[in-house]
Asks: 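Dropping a structure here in C-alpha cells format, bear with me for questions.
In this text, all values refer to a predicted model and were calculated from it rather than measured experimentally. In this chain, residues are counted from 1 in sequence order.
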Amino acid sequence: MKKIFLYVPLFLLFIVTFCSCSVLQWRKSDQEIHEKFTALKVESNISYFQVDSLDLKVRIQEVTTADSDVNLVFFHGAPSSIAAWESYISNNVLIKNANIYAIDRPGYGYSNFGKEFPSIERQAQLMATILKEKGIKNIIAVGSSYGGPIAARIGVLNPEVKAVVMISPAINPSIEKDFWVARFTQWKITRWIVPTAYRVAGDEKKIHAAELDLIKADWKNLKVPVIHIHGDNDDIVPYENVNFSKENFQNVEIITVSGKGHEISYRNTELIIPKLIKLINELKMIK
C-alpha cells in the first residue's frame, strides 16, 4: 500500500506534464494541417517569416487565387493558433473571392511557441511589417478576441488595410475581466504545470488593459470601415465592448449576435462568413 501512495504523486506529475506538453496547446503541426487540407482538396501553403533581430520565426498559412486582389488576413485570440481559422481558410466561397492568410501570433502555434511577446503595439508593428514585406495589399484584417485590437492596430499602422473586422474583441481597457484562474500562469509554484499556450495567454492578459490604454487615443486615426461583431451573451469579453467601439472608431458597424457567447468566431462561422463576403464585394466595387 505504501508503494502505491509513493507512485501516486509520480503518476500525477506525469499526467500534468503530459497535458502541459501534448494537449491543450491549441495548435496543429504543418503535417497535420497539410493532411487536413489535402483531404478537403484545398491547396494550402505554409511558410515561415524570419525576423533575425528578434530571433523569431512567424508561421503563415495561405490559400491564394491568381485572379483575386482582395486579401483576408486572420489574427487569432489567446490561447489559439492558425488552426482556429480552418473553417474560413477552407471555405470555397471565400477562396473564390479573396486570397486568405492566417498567422500564428508570437508565442502560439509554431511561431516561437511558448516565448511570450505580450505587447499589442510590438505585435501589430511586427505583423504590419510582415504584410508589407510579403507585398500583401488591399487587406481586410480580421481578428478575434485578443486578435481584435491587433487587427485594428495594424489598420492604423499599415495603409494597405482597407477594412477591419473584430470578432468578440477585448478592446476596452476599462472593463477587462480578471479571471482568478489566470493567476496560476503567474505564480512560480503553479506556472510550470499550466499548458504552454495558456502561460503565454496569461502573460498577455496580465498587461492587456495597460496595452490597450496606451493606444486607445489613436483609434480616431483609423478611418477605414470597422465591423465589430459580438455575442450579447459573451461571458469572457463583455458585450459592453461594443460601446467603446461606437465611441472611438469613426466608421464602425456593430453587429450583435443574439444569444451567443465568446466562441462565435469558430462555432458560428455561418454567421461571420456572409459578413466577410459582403465586405469583400463592397471593396471590389470601390476598386
Asks: Which residues satisfy the side chain to side chain contact (heavy atoms under 4.5 Å, CB included) test with V93, sequence neighbours excluded?
Replies: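 Residues passing side chain to side chain contact (heavy atoms under 4.5 Å, CB included) with V93: N91, N97, I277.
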Asks: Which heavy-atom pair separates G109 from S81 by the least distance, and what is that distance?
Replies: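 It is CA-CB, 3.8 Å.
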Asks: Using a 4.5 Å cut-off on heavy atoms from C-beta on, say whether the side chain of V165 contacts that of I140.
Replies: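 In contact.
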Asks: Among all residues two or more places apart in sequence or in another chain, which pass the side chain to side chain contact (heavy atoms under 4.5 Å, CB included) test with N172?
Replies: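 Partners of N172 under the side chain to side chain contact (heavy atoms under 4.5 Å, CB included) test: S174, I175, N241, F244.
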Asks: Quick one: are V226 and N251 in side-chain contact, heavy atoms under 4.5 Å?
Replies: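 The answer is no; the side chains never approach within 4.5 Å.
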Asks: Calculate, to the nearest 0.5 Å, the distance between atoms OG and CD belonging to S47 and E62 respectively.
Replies: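 Nearest 0.5 Å value for the OG-CD distance: 5.0 Å.
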Asks: Answer yes if the side chains of N138 and N71 hold a donor-acceptor pair under 3.5 Å, and no otherwise.
Replies: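 There is no such pair (donor and acceptor under 3.5 Å, judged by atom type) between the side chains of N138 and N71.
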Asks: If the condition is side chain to side chain contact (heavy atoms under 4.5 Å, CB included), which residues does Y266 pass it with, not counting sequence neighbours?
Replies: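 Applying side chain to side chain contact (heavy atoms under 4.5 Å, CB included) to Y266 gives E263.
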Asks: Could you list the residues that satisfy side chain to side chain donor-acceptor pair (under 3.5 Å) with S29, not counting sequence neighbours?
Replies: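 So S29 forms a side chain to side chain donor-acceptor pair (under 3.5 Å) with E32.
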Asks: Got a salt bridge between K284 and D69, using NZ or NE/NH1/NH2 to carboxylate O under 4.0 Å?
Replies: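 No.
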Asks: Which residue pairs satisfy the salt bridge (charged side-chain N to carboxylate O under 4.0 Å, His left out) criterion with at least one member in residues 76-98, sequence neighbours excluded?
Replies: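 Matches after skipping sequence neighbours: K28-E86, K36-E86.
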Asks: Sequence neighbours left out, what pairs pass ring-ring contact (aromatic ring centres under 6.0 Å, His included) with at least one residue falling in residues 69-98?
Replies: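 Qualifying pairs: F74-W85, F74-Y88, H76-Y108, W85-Y88.
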Asks: Considering only distance and modelled atom types, tabulate donor-acceptor pairs under 3.5 Å from the side chains of residues 125-135, sequence neighbours left out.
Replies:
from: Q125; atom 1: NE2; to: E121; atom 2: OE2; distance (Å): 2.8
from: T129; atom 1: OG1; to: Q125; atom 2: O; distance (Å): 2.9

Asks: Under a 4.5 Å cut-off applied to non-hydrogen side-chain atoms, are S168 and I229 in contact?
Replies: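 S168 does not reach I229 side chain to side chain.
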Asks: Could you note down all residue pairs passing ring-ring contact (aromatic ring centres under 6.0 Å, His included) where residues 145-166 supplies at least one of them, sequence neighbours left out?
Replies: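 As it turns out, the ring-ring contact (aromatic ring centres under 6.0 Å, His included) pairs with a partner in residues 145-166, which skip direct neighbours, are Y146-H208.
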Asks: Counting C-beta onward and ignoring hydrogens, is there a side-chain heavy-atom pair between F249 and V164 closer than 4.5 Å?
Replies: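 No, their side chains stay 4.5 Å or more apart.
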Asks: Would you say the side-chain atoms of Y101 and N45 include a donor-acceptor pair closer than 3.5 Å?
Replies: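 There is no such pair (donor and acceptor under 3.5 Å, judged by atom type) between the side chains of Y101 and N45.
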Asks: Who pairs with Q50 by side chain to side chain contact (heavy atoms under 4.5 Å, CB included), at least two apart in sequence or on another chain?
Replies: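 Here the qualifying residues are D52, K57.
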Asks: In chain order, what residues pass the salt bridge (Lys or Arg N to Asp or Glu O under 4.0 Å) check against D213, with sequence neighbours excluded?
Replies: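 Partners of D213 by the salt bridge (Lys or Arg N to Asp or Glu O under 4.0 Å) criterion, ordered by chain and then number, come out as K216.
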Asks: Does N99 reach the side chain of V70, with side-chain heavy atoms less than 4.5 Å apart?
Replies: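 No, too far: nothing below the 4.5 Å cut-off.
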Asks: Got a second to check how far R153's CZ is from I171's CD1, nearest 0.5 Å?
Replies: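 If we round to the nearest 0.5 Å, R153:CZ and I171:CD1 are 10.5 Å apart.
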Asks: For H230 and D234, which I'm curious about, is there any donor-acceptor pair between the side chains at under 3.5 Å?
Replies: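 Yes - a donor-acceptor pair under 3.5 Å links their side chains.
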Asks: For A217, does its backbone N or O pair with a side-chain atom of K220 as donor and acceptor, under 3.5 Å?
Replies: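 Checking the backbone N and O of A217 against the side chain of K220, a donor-acceptor pair under 3.5 Å is found.
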Asks: Would you please name every residue forming a salt bridge (Lys or Arg N to Asp or Glu O under 4.0 Å) with K278, sequence neighbours left out?
Replies: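 K278 satisfies salt bridge (Lys or Arg N to Asp or Glu O under 4.0 Å) with E282 only.
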Asks: Could you list the residues that satisfy salt bridge (Lys or Arg N to Asp or Glu O under 4.0 Å) with R105, not counting sequence neighbours?
Replies: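 Result, salt bridge (Lys or Arg N to Asp or Glu O under 4.0 Å) vs R105: E204.
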Asks: Under a single-linkage definition using a 4.5 Å side-chain heavy-atom cutoff for Ile, Leu, Val, Met, Phe, Trp and Tyr, are V42 and L276 assigned to the same hydrophobic cluster?
Replies: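 Yes; tracing contacts between hydrophobic side chains, which count when under 4.5 Å, links both residues.
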Asks: Side chains of E43 and I95: does their closest heavy-atom pair fall under 4.5 Å?
Replies: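 Side-chain contact under 4.5 Å: no.
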